S.K.: 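What follows is a single structure, and I will ask about it in a moment.
Nothing here was measured: the structure is a model prediction, and the numbers come from that model.
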2 protein chains.
Amino acid sequence: MGSENQELRKAGLKVTLPRVKILQILENSERKHMSADDVYLALVESEQEVGLATVYRVLTQFEGAGMVTRHNFEGGRSVFELTPEDHHDHIVCTSCGKIREFFDEIIEDRQVEIAEKLGFRITDHSMNLYGICEECQAGS
Amino acid sequence: MGSENQELRKAGLKVTLPRVKILQILENSERKHMSADDVYLALVESEQEVGLATVYRVLTQFEGAGMVTRHNFEGGRSVFELTPEDHHDHIVCTSCGKIREFFDEIIEDRQVEIAEKLGFRITDHSMNLYGICEECQAGS
DNA sequence: CTAGTTGCAAATCATTTGCACTTGC
DNA sequence: GCAAGTGCAAATGATTTGCAACTAG
């Protein structure tokens, strides 16, 4: 259970209760993609209230440390996920909000080639598909 | 010059001064991608002040009519561009903000295949690369 | 001890909305 | 003339920040 402490130290962050708690939430939640508010609510439910401002600060620090990745999907708010070993992209259901991940070697390769051709040294990319998932197509 | 009026009527929008002005800005600006604030400032410069709220309203109406496309790049604010005939994606320089467009048939095809495989009826997608452009690599 | 961290409330930023006033047709 | 459109200011929602109180090492 102290594994979080190692991770935090490795990231050069002091081990504090809010940080440990937030890391646990991210690791144990069934939802892999959470907004700052989702994390905050999960914290409240688990009896460990932490200020929303701190949630934002900590998530931003985690992002800076590379532990967490921030996504800017359509609709304003950011969602965070533990930085995955294996890179992947997302497909978001615009009806129910479900997020599915995928990885496609061909697309990844093309992205690099394209960036090179245009003279860019690529640092990051986001590729998100938006649509209606099976259940929602059937549902409504 | 009255071509804007045609476009507006075709979109079912009453021809008003603010709408015509905003459409002209979008058509004539050398920057193809503008935030609501960029449009507002251009309006101010051209002596035709229009309320910022109206700029937002009009851009949203244009988007609804399909005349304009909204992009949510990293960093909060939305940028708009006249909906292009030919679909394309974007590569953004995180240093100077320059935006380059590109289109890749292979990627487009893969996106559709992937969405199908996952059971999604795709309605939209965004694929943005972020990096440092040649000039900025040389510059700093 | 003391620099780093947190909580809370106030501040920001982008965007939206309520409402009285104006304008296109 | 009247419904649609607009301006302005106030409301909103997400995120950030100032600052005094707290805590890890």
S.K.: Any protein N or O atoms within reach of nucleotides 12-16 of chain C? Criterion: under 3.5 Å, listing atom names and distances.
M.R.:
residue: dT15(C); atom: OP1; partner: S78(B); partner atom: N; Å: 2.8
residue: dT15(C); atom: OP1; partner: S78(B); partner atom: OG; Å: 3.3
residue: dT15(C); atom: OP2; partner: Y56(B); partner atom: OH; Å: 2.4
residue: dT15(C); atom: O5'; partner: Y56(B); partner atom: OH; Å: 3.3

S.K.: How long is the straight-line distance from CE of M67(B) back to CD of E4(B), given to the nearest 0.5 Å?
M.R.: 9.0 Å

S.K.: Is a salt bridge present between K98(A) and E135(A), judged by a nitrogen-to-oxygen distance below 4.0 Å?
M.R.: yes

S.K.: Could you list, one pair per line, each protein nitrogen or oxygen that sits under 3.5 Å from a nitrogen or oxygen of nucleotides 2-4 of chain C, together with the distance?
M.R.:
residue: dG4(C); atom: O4'; partner: K14(A); partner atom: NZ; Å: 3.3

S.K.: Taking only Lys NZ, Arg NE, NH1 and NH2, and the carboxylate oxygens of Asp or Glu, determine whether R77(B) and D37(B) approach each other closer than 4.0 Å.
M.R.: no

S.K.: Five pairs per end, C1' atoms only: what is the angle between the end axes of the helix from dC1(C)-dG25(D) to dC25(C)-dG1(D), to 10 degrees?
M.R.: 30°

S.K.: Looking at the rings of H87(A) and H125(A), which for Trp means the six-membered one, are their centres under 6.0 Å apart?
M.R.: yes

S.K.: Distance-only, no hydrogens or angles: does the T94(B) side chain make a donor-acceptor pair with backbone N or O of Y130(B) under 3.5 Å?
M.R.: no

S.K.: Could you tell me the boundaries of the chain A footprint on DNA chain D, defined by atoms under 4.0 Å from its heavy atoms?
M.R.: dA14(D) to dG25(D)

S.K.: Tabulate below the donor-acceptor pairs under 3.5 Å that side-chain atoms of residues 42-49 of chain B make, not counting sequence neighbours, or state none.
M.R.:
residue: S46(B); atom: OG; partner: A42(B); partner atom: O; Å: 3.3
residue: S46(B); atom: OG; partner: L43(B); partner atom: O; Å: 3.1
residue: E49(B); atom: OE2; partner: Y40(B); partner atom: OH; Å: 2.9

S.K.: Using the test side chain to side chain contact (heavy atoms under 4.5 Å, CB included), find all partners of V112(A) that sit at least two apart in sequence or belong to another chain.
M.R.: E116(A)

S.K.: So if I apply the side-chain contact (heavy atoms from CB on, under 4.5 Å) rule between L8(B) and each of Q61(B), R19(B), K14(B), which one comes out positive?
M.R.: R19(B)

S.K.: Counting distance only, does the side-chain N/O of Q137(A) pair as donor-acceptor with the main-chain N or O of I132(A) below 3.5 Å?
M.R.: yes

S.K.: Has the side chain of T54(A) got a donor or acceptor atom that lies under 3.5 Å from a matching backbone atom of V50(A)?
M.R.: no

S.K.: Is the closest basic N to carboxylate O distance between R110(B) and E113(B) below 4.0 Å?
M.R.: yes

S.K.: Is the distance between the ring centroids of F102(B) and H88(B) under 6.0 Å?
M.R.: no

